[in-house]
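Report on the structure given below.
Keep in mind that this is a model prediction, so the values were computed, not measured. We name chains A, B, ... by the order of the sequence lines, and we start the count at 1 in each one. In what follows, every heavy atom counts, from backbone to side chain, and hydrogens, waters and symmetry copies are set aside.
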Amino acid sequence: MPSYRCRALNHSLGHAVDFLIETLLAAPGEITLVATGPLTNIALAVRREPRIVPAVRRCIIMGGAFRHEGNMPLRGEYNVWCDPHAARIVLHSGLPITLVPLDVTYRCLFREADMQHIAAQADVRTPIVRFLADATRFYIKYHKTAQNIEGCAINDALAMALAFAPDLVTTVAL
Amino acid sequence: METGDGPAHAATCADFWRLTGRLPNMHVAPEVDAERFMRLFVTRMIKLANG
């Protein structure tokens with residue numbers, strides 16, 4: 001198992017739900033919230049302190065699958081599948097949401113050729129390149145085996161990119 | 001989102017044809033400039049790695 005150095009978690013930050021509430025209320029209208037996992041903590045935060053809803057500038061959520069086959073049994077998408085009740089609470093909360101479903105993330109495939117290009121242009125000894133190579137090796141193999149797809153969908157990276165490049169996608173109100 | 005335990009567990013449902021009369025409650029991204037995003041991702045990774 002490869003190891004990567006990273007900054008230790010700062011446990012003094014407390015519980016994630018408290019952190020969300022305190023941080024959002026301290027900077028109303030300034031924070032874009034990007035959710036790249038199950039929505040449990042955000043749902044709890046909304047339920048505990050509804051005043052965070054108008055305080056969020058924008059909420060980008062990687063989740064859901066509309067016309068896509070899904071990545072969990074029976075057309076489910078992993079983040080929603082883990083806690084659909086939380087997803088329902090968040091999506092109906094009134095937060096200014098941009099939902100980034102598998103329908104678009106599966107069009108953004110990172111292929112072995114991309115990794116080779118990065119390795120040729122960058123220092124392959126750096127943690128970021130080693131991590132990218134290690135993480136995508138498994139992920140590409142999984143996509144090939146499970147879904148017969150060449151490359152891997154970099155779902156979360158697309159959601160994060162929309163925080164500073166929103167015009168990468170077109171959106172519709174639903 | 002379907003919250004039941006049946007075969008549609010966690011399925012994403014949307015009123016694409018506006019048949020329910022409900023107001024929209026989010027923006028959904030159905031289209032992406034995938035080529036531009038991948039170019040952005042790859043160049044940012046190279047830049048990050050090279051400091």
Side-chain angles (χ1 to χ4, degrees), chain A residues 59 61 63-68 70 72-78 80-85 87-88 91-105 107-111 114 117-118 121-124 126-129 132 154 157-158 161-162 165 167-174, chain B:
Chain A
C59 180
I61 297 171
F66 290 92
R67 291 166 170 150
H68 187 274
M72 294 302 285
L74 301 171
R75 300 177 66 88
E77 181 280 323
Y78 179 80
V80 173
W81 189 87
C82 287
D83 193 345
H85 297 278
R88 186 178 175 83
L91 297 182
H92 290 273
S93 66
L95 282 165
I97 291 168
T98 300
L99 192 69
V100 185
L102 296 182
D103 306 65
V104 285
T105 63
R107 290 190 212 153
C108 301
L109 296 175
F110 184 84
R111 296 183 169 87
D114 295 312
H117 178 67
I118 291 171
Q121 300 283 320
D123 184 347
V124 293
T126 56
I128 185 69
V129 176
L132 198 59
I154 42 176
L158 177 61
L162 296 184
D167 59 338
L168 284 168
V169 296
T170 55
T171 61
V172 293
L174 284 176
Chain B
M1 296 301 173
E2 176 57 53
T3 54
D5 289 332
H9 174 76
T12 315
C13 307
D15 182 14
F16 283 102
W17 310 115
R18 304 283 160 86
L19 297 174
T20 64
R22 291 181 185 172
L23 291 172
N25 60 350
M26 72 187 85
H27 283 87
V28 175
E31 298 293 337
V32 60
D33 187 342
E35 193 178 322
R36 189 175 143 225
F37 168 68
M38 289 309 301
R39 200 164 52 242
L40 176 70
F41 181 79
V42 168
T43 53
R44 289 295 173 99
M45 286 298 114
I46 292 169
K47 198 173 174 182
L48 190 61
N50 291 336

Contact leader toward chain B among [options], where contacts are heavy-atom pairs under 4.5 Å:
| options | answer |
| --- | --- |
| A:G76, A:A65, A:P96, A:G64 | A:A65 |
| A:T126, A:I118, A:T98, A:I61 | A:I118 |
| A:I97, A:L158, A:L95, A:L174 | A:L174 |
| A:M72, A:R75, A:H85 | A:H85 |
| A:A87, A:A157, A:A161 | A:A157 |

Taking [options] one by one, which has the highest count of heavy-atom pairs under 4.5 Å against chain A?
| options | answer |
| --- | --- |
| B:P7, B:G4, B:G51 | B:P7 |
| B:N25, B:L40, B:D33, B:T43 | B:N25 |
| B:H27, B:R36, B:E35, B:K47 | B:H27 |
| B:A34, B:A11, B:C13, B:P30 | B:P30 |

In terms of heavy-atom proximity below 4.5 Å to chain B, should A:L109 be classed as side chain, backbone, both, or neither?
backbone

Give, as side chain, backbone, both or neither, the part of A:H92 having an atom under 4.5 angstrom from any heavy atom of chain B.
both

Please determine whether side chain to side chain contact (heavy atoms under 4.5 Å, CB included) holds for the pair A:F110 and B:M45, giving the CA-CA distance in whole Å, both sets of side-chain angles, and the decisive distance to 0.1 Å.
CA-CA 12 Å; A:F110 184 84; B:M45 286 298 114; 5.9 Å; no

Taking atom [atom1] of [X] and atom [atom2] of [Y], what is their separation to the nearest 0.5 Å?
| X | Y | atom1 | atom2 | value |
| --- | --- | --- | --- | --- |
| B:M38 | A:D114 | CE | CG | 4.5 Å |
| B:I46 | A:H117 | CD1 | NE2 | 4.0 Å |
| A:R107 | B:E31 | CZ | CD | 4.5 Å |
| A:D103 | B:T12 | CG | OG1 | 8.0 Å |

Which heavy-atom pair separates [X] from [Y] by the least distance, and what is that distance?
| X | Y | value |
| --- | --- | --- |
| B:A10 | A:V80 | O-CG1, 3.6 Å |
| B:T3 | A:P84 | CG2-O, 3.6 Å |
| A:P101 | B:A29 | CD-O, 3.4 Å |
| A:R67 | B:F16 | NH2-CG, 3.6 Å |

Tell me if the CG atom of A:D167 is crowded by more than 12 foreign heavy atoms within 6.0 Å.
yes

Looking at A:T105, A:V104, A:V169, A:I154, which hits side-chain contact (heavy atoms from CB on, under 4.5 Å) with B:F37?
A:I154

